[in-house]
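Report on the following structure.
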Amino acid sequence: MPEIKVLPEDVVSKIAAGEVIERPASVLKELLENSLDAGAGRIEVELKKAGRGLIRVHDDGRGMDREDLRLALGRHATSKLASFDDLYSLATFGFRGEALYSIFAVSRLKLTSCRAGADSGYGIEGEGGHVTAEVPAPPVKGTTIEASDLFFNTPARAKFMKSDTAERAHLIKTVEEAALANLGTAFRLVIDGAEILSLPVLPGGLWENLKHRAAAIFGKSVYAGLARIEGKTAGMAVYGFVSRPDALGATRANQYFFVNRRPVGSALLRQALYRGYGHMLTGKHPACALFLELDPGAFDANIHPQKRDVKFSSENEIFKTISNTVYEELLSKQTAAVQFSAPAGDNKFTPPDVPAYREAAAAAQPAAEASGLFDALPAAAAAPADWRGKDLAYLGQLAKSYLLFECESGLLVVDQHAAQERVLFERYLEEFSRGAIKVQPLLVPLEAELSRSQMETVLKWRDWMKTAGFEIDQRGPAVALLRAAPALFYFTQAAFTEFLGYLSEVLGEPQAAAEDMKRGVIATMACKKSIKAHDFVKPQEALRLMEDLKKAKDGHHCPHGRPTLFHLSAADIARRFQRSGTL
Ligand code: ADP
Ligand code: MG
């Protein structure tokens, strides 16, 4: 008996399917690419049960006749590639000729198609790779593909599926990417009967359409922080929207990259984008819809089974073109009016590392911190270890941001914002661990307008957020409502939108994160967002804040790690005046 066996065909097809079809979103991606390849002017997507129940894609493209319809389901069936060399001058999206074959292997599939002008259309039905029926269909130009009960015959695969919300987020992102990349095609997305996206083709060309789609996909607040960029060098062009430096986010969630209008994940492109921000980027992340146009022979998209990754023949040139374009365009926009959507007067440039509350002082004399008084101080001048035990005499408030105290015949300078954050942070965590968060219902709920995928993440966290004192509701596909919040916090509408934006970017799966980590993240962000800048502080409030800060476990740092205070001793001050002794 030979030990080597030839695998039966249906095992082979399931193995092939395993490579191409990782999750419902991979099915959708392949079907969308086929519809786009077929020249569709309009694509409608309908999903049920996060794609596991049904993925239906209808297009008005060129369609298939009966013979093509049968062939399309076979392995290595393609109308797009005739020779191996063609792979290197890829002009279409699909090219492996096994997407339909693979989807067919792991679902119940129904294909209906009709060519323009034909008397009748045709339909083929089958499951697990076997055709069960062929039926005539109405003569409506285009193709409809319905894949139901995905992975019904590969239970092991089905077990690897993430939660419905996670899969839905992937599905939505897949449609969003296709819609950003194909502005000449109208898209509609319906999930479990609800319309999630409706993107017509508007008159007015590329930028009009890109703007409209970016607004629908990113959500209003991220969209309002975008700037338009455009640049060209020999052999390539780059264009799109990127965040202004004063509107960066906490993670990479809102980044969309395209090469020749194909969505890609590329470390090179991302790094080039980040480099473009230079010093304006401090640990934060831009949103982008960034398009690179290249000669099709200049990159290879075949190195990854999901075709997300690309390899470029001239990495240096691409890196330089993108980073220079981003840098120059953003710099030029520091003075010029922002190109769209920013409210009038909101186009001033603020480096992201200058917190808003310091803006006024910094704007007046930008170099003050770098070359002035504080720079010359040794790091150890921070705070005397015993400031907690001392009586503090309140001297007053500086720039509505700093509280000045006399301490040990020196000066204690407190960043009121950082100090408040620290006190709130510890108090909230303490209430949380006692299971005694004081919750305050809001008379008028606050609204946050999010992107669809942000909304998906927020929904995943809704139950846990309730234990953290936040009652969050959904209104419509992408509006979150805050109905109640911990009494310690105060949110404005804008702050709440940012809070949820941060949350959905920073937090992954609720089950995956440790409880302490989750609490820490929520507390940090809630504190940051709930404190108003430029507050006038009354003397008794200043003193109370210092008493609270004395009791804090780490009174020296805000929850983000910035110092809350520093001390300038009388000797330090004397040295400033070139005196040798004390005052
Ligand atoms: P590939 O896209 O790599 O050629 P697929 O398995 O995805 O392989 O599709 C096989 C073939 O079926 C395509 O080459 C195309 O001719 C045809 N086809 C698939 N989907 C459509 C569609 N929506 N409209 C027209 N033809 C299609
Ligand atoms: Mg294909």
Side-chain angles (χ1 to χ4, degrees), residues 12-22 24-46 55-107 109-118 121-126 129 131 134 137-147 150 174-175 177-178 181-182 185-188 261-263 296 300-302 304-308:
V12 173
S13 67
K14 281 182 190 166
I15 293 173
E19 268 176 43
V20 184
I21 311 302
E22 188 194 358
S26 6
V27 172
L28 180 58
K29 181 169 187 287
E30 295 290 344
L31 297 183
L32 289 177
E33 288 179 352
N34 282 346
S35 294
L36 291 163
D37 283 346
R42 177 171 181 79
I43 298 179
E44 298 194 14
V45 179
E46 195 189 334
I55 298 175
R56 180 180 186 275
V57 175
H58 168 74
D59 68 56
D60 61 357
R62 77 176 66 88
M64 286 173 272
D65 60 20
R66 190 177 188 170
E67 202 51 37
D68 277 345
L69 212 51
R70 289 179 182 158
L71 285 172
L73 291 174
R75 190 163 203 193
H76 308 307
T78 180
S79 54
K80 300 165 196 172
L81 186 72
S83 74
F84 186 72
D85 286 345
D86 286 354
L87 277 177
Y88 288 90
S89 55
L90 190 67
T92 58
F93 292 102
F95 54 87
R96 272 186 319 271
E98 59 183 18
L100 288 182
Y101 169 82
S102 306
I103 297 165
F104 191 25
V106 292
S107 71
L109 198 66
K110 190 171 166 188
L111 267 78
T112 317
S113 197
C114 180
R115 282 206 192 275
Y122 281 96
I124 288 193
E125 282 179 49
V131 173
E134 285 192 33
V140 180
K141 182 193 161 217
T143 303
T144 306
I145 301 192
E146 292 172 60
L150 191 63
T174 304
V175 177
E177 286 177 335
N182 299 277
T185 303
F187 285 83
R188 181 163 182 261
R261 282 164 300 111
R262 173 201 300 280
D300 177 5
N302 277 323
H304 192 275
Q306 308 289 337
K307 296 183 286 176
R308 292 280 310 181

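Everything numeric in this text was worked out from a predicted model, so none of it was measured. Reckoned from all heavy atoms, side chains included, excluding hydrogens, waters and symmetry mates. In each ligand, atom 1 is the first atom listed, and ligand 1 is the first ligand listed.
For the side chain to side chain contact (heavy atoms under 4.5 Å, CB included) with L109, the qualifying choice from I145, I124, L150 is I145, the only one to do so.
The side-chain heavy atoms of E177 and L32, taken from C-beta on, include no pair separated by under 4.5 Å. Looking at R66 and E134, their side chains come closer than 4.5 Å, going by heavy atoms from C-beta outward. Side-chain atoms of F104 and L111, non-hydrogen and from C-beta on, never get closer than 4.5 Å to each other. With a 4.5 Å cut-off on side-chain heavy atoms, L100 and L31 count as touching.
Between A99 and ligand 1, an N or O atom pair is found at a separation short of 3.5 Å. Between N34 and ligand 1, an N or O atom pair is found at a separation short of 3.5 Å.
When heavy-atom distances to ligand 1 are checked against a 4.0 Å cut-off, D59 comes that close only through its side chain, counted from C-beta outward. By the criterion of a heavy-atom distance under 4.0 Å, the side chain of A38, and not its backbone, is placed next to ligand 1. Heavy atoms of L100 found under 4.0 angstrom from ligand 1 belong to the backbone as well as the side chain.
Residue contacts with ligand 1 leave out E30, since none of its heavy atoms falls under 4.0 Å from the ligand.
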